[in-house]
Amino acid sequence: MTPLTPSNPLTPSHALAPSTPLTPSLTRRPPCTLLRHEHRVVGTYVHRPELPGTVAPRPYLHPVRTLGGVTVTGLRPAEDPARLGVSMAIPEVAGWNFRGGPGRRDHQGGQRHLSWLLRDPDGFVEELSWTAGGRQLLLERRTVAVRSLGTECWALDFTSALTNVTGEEIALGGAGHAGGFFWRVPRRPEPAHAFSADGEGEAAVHGRPADWLALATDDWTLVFVGATGDTRADPWWVRTGDHPGVGSALTWQRPLPIAPADTVTRRIVTAIADTRLPHPAAARLAAHLSDRGAAV
């Protein structure tokens with residue numbers, strides 16, 4: 001990625017009349033950013049979503065596609081409208097809900113895009129405000145990048161750095177509340193097969209840490225890789241049936257305290273393939289994408 005400059009705009013020049021001011025938007029409703037692998041659009045990042053307060057409004061990626069054009073994200077399914085493609089969702093931050101869904105509506109927080117620090121066709125760096133009750137709790141620096149892995153596979157590199165800006169210690173999560181990076185996948189007649197470096201099947205991988213985790217179908221495979229030691233230590237949240245998705249849970253069984261001005265960082269790199277990958281192929285991809293490998 002290179003900095004956004006007048007000579008390298010993310011918004012095509014032909015899309016703007018001379019009198020039209022430059023804005024962070026590529027589309028009118030809602031404002032979004034297109035992510036490209038070479039010249040092919042592989043993802044859409046909605047950075048200023050138009051959502052009801054009941055879903056804890058936040059930026060999200062949807063649709064995300066394979067290089068062959070198959071969509072591998074789901075958005076606001078009827079059974080859980082608070083699931084938003086690929087996003088950061090934490091059910092409790094200092095007593096406020098940043099995941100959405102059931103609960104007190106007056107205790108819903110939201111994530112708001114503040115500014116671009118970098119913006120290119122293959123990725124961006126932005127700052128976001130996590131705000132609730134008229135007060136900013138967290139400042140996030142989010143980095144998203146497209147990585148090339150050949151002709152049938154690419155990777156989405158997602159880093160979230162959350163800084164406590166309240167001036168006092170706060171807690172992320174609570175007992176039994178999993179939260180963090182979450183990827184909702186489309187519901188399918190035949191559920192995806194989940195496996196990791198250490199186990200096969202949903203029951204064997206859910207709630208356990210692993211260096212990497214995969215969901216595989218006949219049409220696509222997603223390989224989620226913890227790209228830092230802290231990320232690899234977090235357990236995976238995995239569902240393949242009625243509520244399919246994968247989360248890397250920085251909070252789960254107990255709250256994660258953050259001291260004033262401290263930052264919590266997590267990085268997940270997800271390989272997106274156009275075919276069903278067997279375990280050995282997924283393991284090789286994961287080794288390539290880990291911070292222990294050469295690709296990151």
Side-chain angles (χ1 to χ4, degrees), residues 1-18 20-51 55 57-76 83-89 111-128 140-160 181-186 219-220 222-224 245 267-274 289 295-296:
M1 294 185 292
T2 54
L4 177 64
T5 65
S7 62
N8 183 31
L10 189 59
T11 304
S13 59
H14 61 74
L16 297 171
T20 303
L22 286 170
T23 72
S25 173
L26 289 185
T27 61
R28 294 182 180 179
R29 290 174 64 93
C32 64
T33 295
L34 301 181
L35 294 175
R36 300 178 184 272
H37 178 275
E38 297 178 351
H39 301 295
R40 184 177 308 174
V41 174
V42 291
T44 299
Y45 184 66
V46 182
H47 58 275
R48 287 188 176 152
E50 298 173 359
L51 295 167
V55 302
R58 57 194 183 274
Y60 60 87
L61 285 147
H62 177 81
V64 175
R65 299 187 176 96
T66 69
L67 293 181
V70 178
T71 298
V72 292
T73 49
L75 181 69
R76 304 201 66 201
R83 294 300 192 189
L84 306 175
V86 181
S87 71
M88 286 291 292
Q111 301 169 30
R112 182 170 58 88
H113 168 85
L114 294 177
S115 64
W116 301 110
L117 304 180
L118 182 72
R119 198 171 180 221
D120 272 353
D122 63 346
F124 58 84
V125 181
E126 70 169 333
E127 287 193 335
L128 305 98
E140 180 184 0
R141 177 169 291 191
R142 182 174 297 178
T143 304
V144 175
V146 173
R147 306 292 188 194
S148 180
L149 295 174
T151 60
E152 295 185 350
C153 189
W154 67 282
L156 181 73
D157 192 337
F158 188 108
T159 301
S160 172
F181 170 91
F182 188 81
W183 188 306
R184 170 74 190 210
V185 300
D219 300 317
W220 48 260
L222 303 177
V223 183
F224 301 89
R267 184 181 185 186
I268 299 94
V269 185
T270 307
I272 301 159
D274 261 306
L289 292 174
V296 176

Derivation and outcome, side chain to side chain contact (heavy atoms under 4.5 Å, CB included), residues Arg36 and Val146: CA-CA 7 Å; Arg36 300 178 184 272; Val146 173; over 6 Å; no
With sequence neighbours left out, what residues match Glu38 under salt bridge (charged side-chain N to carboxylate O under 4.0 Å, His left out)? none
So, does [X] use its side chain to make a donor-acceptor pair with the main chain of [Y] at under 3.5 Å?
X	Y	value
Gln111	Ser87	no
Thr73	Val64	yes
Trp220	Arg65	no

Pick from Arg119, His113, Glu126: which one makes a side chain to side chain contact (heavy atoms under 4.5 Å, CB included) with Thr33?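 Result for side chain to side chain contact (heavy atoms under 4.5 Å, CB included) with Thr33: Arg119.
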[X] vs [Y] side-chain heavy atoms within contact, under 4.5 Å:
X	Y	value
Leu67	Val42	yes
Leu84	His62	no
Leu156	Val269	no
Leu117	Glu127	yes
Trp154	Arg147	no
Phe124	Leu35	yes
Thr44	Pro63	yes
Thr270	Val86	no

Tell me, with the steps shown, if Thr143 and Asp157 meet side chain to side chain contact (heavy atoms under 4.5 Å, CB included). CA-CA 8 Å; Thr143 304; Asp157 192 337; over 6 Å; no
Residues two or more places apart in sequence or in another chain: which of them pass side chain to side chain donor-acceptor pair (under 3.5 Å) with Ser148? His37
If I take atom [atom1] from residue [X] and atom [atom2] from residue [Y], how far apart are they, to the nearest 0.5 angstrom?
X	Y	atom1	atom2	result
Leu61	Leu75	CG	CG	11.0 Å
Asp274	Cys153	CG	SG	8.5 Å
Phe182	Met88	CZ	CE	12.5 Å

Do you know the tightest heavy-atom contact between [X] and [Y]?
X	Y	answer
Pro59	Tyr45	CB-OH, 3.1 Å
Leu149	Ala271	CD1-CB, 4.1 Å
Gly245	Val185	N-CG2, 4.0 Å

Which of Arg267, Arg142, Glu140 passes side chain to side chain donor-acceptor pair (under 3.5 Å) with Ser160? Answer is Glu140
